[in-house]
There are 2 protein chains.
Amino acid sequence: MLRGAELRVTRPRMAVLSAVHDHPHADTDSIIHVVRENLGEVSHQAVYDVLHALTDAGLVRRIQPMGSVARYEARVGDNHHHAVCRSCGAVADVDCAVGAMPCLTASDHHGFTIDEAEVIYWGLCPDCSSAHQS
Amino acid sequence: MLRGAELRVTRPRMAVLSAVHDHPHADTDSIIHVVRENLGEVSHQAVYDVLHALTDAGLVRRIQPMGSVARYEARVGDNHHHAVCRSCGAVADVDCAVGAMPCLTASDHHGFTIDEAEVIYWGLCPDCSSAHQS
DNA sequence: ACACAAACTTGAATCATTCAAGATTATGTG
DNA sequence: CACATAATCTTGAATGATTCAAGTTTGTGT
């Protein structure tokens, strides 16, 4: 598969990687459960280690909106952003509206060397939005 | 002062509010220390309560970049953003480059009702930037 | 001055995440 | 194909920010 990242191929790693692919924006706990459904007992520490390794290798991306635990997604390298529901915490992908790397226009402010702009759109997901109206 | 927010005026609240004003982007622990320098012993729980109350009242804003604990700032209502140093965690204010509420252009994606766009610019602060080059 | 709800104190609990030590296992080599 | 070795996993405990809960104190309007 993807051992091009100098990573050993182990059962837990394959399971975690496919779990992240199949469940975008899942938190660590959900991933642990999915992995255990496929492999039987796996230590939570192993899952944490693997997620760290995959994140460092750039195979998954870690996101963590305020008030949420860490979540992971497999869509990397395309600088997309996220919409987060204030009510239920649901996360959806949002493509850059302006094009590639649009938000880096505020570069070099205060002497900072900016290399990435992370955007989080806060609001209500469709379900919570209609629930609030009623 | 600012009791227009239906908040009782207590010593801890005044101390916390001025601490946040004097130390922008300070974390809870720092605020606790500053408050204690002015009032003597104050329970951490009180500071947490006050920060919550002030946040709910809109007098302070809570920010929490990934990998950081909660931080608070008194600059509210102007939709500015933040630059965060990947190395030391320093935070700097960044005005919207495009104008007021610029990043809401991606509104209504996936049926979400967006009410705020939060932008975090990741990079290196001046100090860490020069340290890395050497 | 009083009453009552809001705010504070004290002390313990929660929970995601990390640390540490020892047992397994994937991978390149002989 | 068996081995050595470092990477990875297991087990179990620790950390640390934040929250919960019960009881006491205090600000505010009457």
Side-chain angles (χ1 to χ4, degrees), chain A residues 1-20 23 25-57 59-72 89 91, chain B residues 1-20 23 25-57 59-72 89 91:
Chain A
M1 289 284 287
L2 297 175
R3 69 213 311 167
E6 300 189 358
L7 289 176
R8 289 192 183 175
V9 179
T10 66
R11 297 182 137 283
R13 285 187 173 168
M14 293 194 292
V16 169
L17 189 54
S18 72
V20 174
H23 301 78
H25 314 131
D27 58 42
T28 308
D29 208 52
S30 304
I31 295 170
I32 290 176
H33 282 89
V34 172
V35 168
R36 285 182 178 162
E37 283 178 12
N38 296 350
L39 293 187
E41 195 55 29
V42 176
S43 68
H44 64 117
Q45 186 59 54
V47 176
Y48 274 101
D49 283 349
V50 170
L51 286 172
H52 245 134
L54 294 179
T55 302
D56 291 344
L59 295 180
V60 305
R61 184 147 83 105
R62 175 186 177 137
I63 61 177
Q64 188 173 24
M66 284 197 301
S68 168
V69 298
R71 293 163 176 277
Y72 294 87
V91 177
Chain B
M1 290 285 287
L2 298 175
R3 68 213 311 166
E6 299 190 358
L7 289 175
R8 289 193 185 175
V9 179
T10 67
R11 298 182 137 280
R13 284 188 173 169
M14 292 195 293
V16 169
L17 189 53
S18 70
V20 174
H23 300 79
H25 313 131
D27 57 43
T28 308
D29 208 54
S30 304
I31 294 171
I32 290 176
H33 282 89
V34 172
V35 169
R36 284 182 178 162
E37 282 178 12
N38 296 352
L39 294 186
E41 195 56 28
V42 176
S43 68
H44 64 118
Q45 185 59 54
V47 176
Y48 274 101
D49 283 348
V50 171
L51 286 172
H52 246 133
L54 295 179
T55 302
D56 290 344
L59 295 181
V60 305
R61 185 148 82 106
R62 175 185 177 138
I63 60 176
Q64 189 174 20
M66 282 196 305
S68 169
V69 297
R71 294 163 177 275
Y72 295 87
V91 177

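Throughout, protein chains are lettered first and strands after them, A, B, ... in sequence-line order, and every chain is numbered starting at 1.
Here A/T10 does not reach the OP1 or OP2 of D/dA7: none of its side-chain N or O atoms lies under 4.0 Å away. Between B/T28 and D/dA17, a side-chain N or O to OP1/OP2 separation shorter than 4.0 Å is absent.
The distance from atom CD1 of A/I32 to atom C1' of C/dT17 is 10 Å, rounded to the nearest whole Å. Between the CG atom of B/D49 and the P atom of D/dT19 there is a distance of 9 Å, rounded to whole Å. B/H44 places its NE2 atom 10 Å from the P atom of C/dG11, with the value rounded to the nearest Å. Summarising the geometry, the separation between CZ on A/R36 and P on D/dC9 is reported as 14 Å, rounded to the nearest angstrom. One can place CG of B/L51 at 11 Å from P of C/dC8, the figure rounded to the nearest angstrom. Put simply, NE2 on B/H52 is 17 Å from P on C/dA6, counting in whole angstrom units. Straight-line distance from the CD atom of A/Q45 to the C1' atom of C/dA21: 12 Å, rounded to whole Å. Taking atom CZ on B/R62 and atom P on D/dA17, their separation rounds to 13 Å, with Å as the unit.
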CA sep, side-chain torsions, deciding dist, call: B/V20, B/L54, side chain to side chain contact (heavy atoms under 4.5 Å, CB included): CA-CA 10 Å; B/V20 174; B/L54 295 179; 5.5 Å; no
Show your working on side chain to side chain contact (heavy atoms under 4.5 Å, CB included) between B/V9 and B/M14 and close with a plain yes or no. CA-CA 7 Å; B/V9 179; B/M14 292 195 293; 3.7 Å; yes
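Heavy atoms of B/S43 sit under 4.0 angstrom from at least one base atom. Nucleic acid contact class of A/A70 (heavy atoms, under 4.0 Å, all strands): sugar-phosphate only.
Summarising the geometry, atom NE2 belonging to B/H25 is positioned 12.5 Å from atom CG belonging to B/D27; distances are rounded to the nearest 0.5 Å.
Tested against B/Y72, the residues B/L59, B/L17, B/I63, B/T55 include a single side-chain contact (heavy atoms from CB on, under 4.5 Å) partner, B/T55.
Side chain of A/R62 to main chain of A/A70: no donor-acceptor pair is present (N/O by atom type, distance under 3.5 Å, no hydrogens or angles).
If you find the closest nucleotide of DNA chain D to B/R8 and to B/D29, the one lying nearer the 5' end belongs to B/D29.
For A/Y48, whose side chain is taken as the heavy atoms from C-beta onward, the closest listed nucleotide among C/dT17, D/dT28, D/dC9 is C/dT17.
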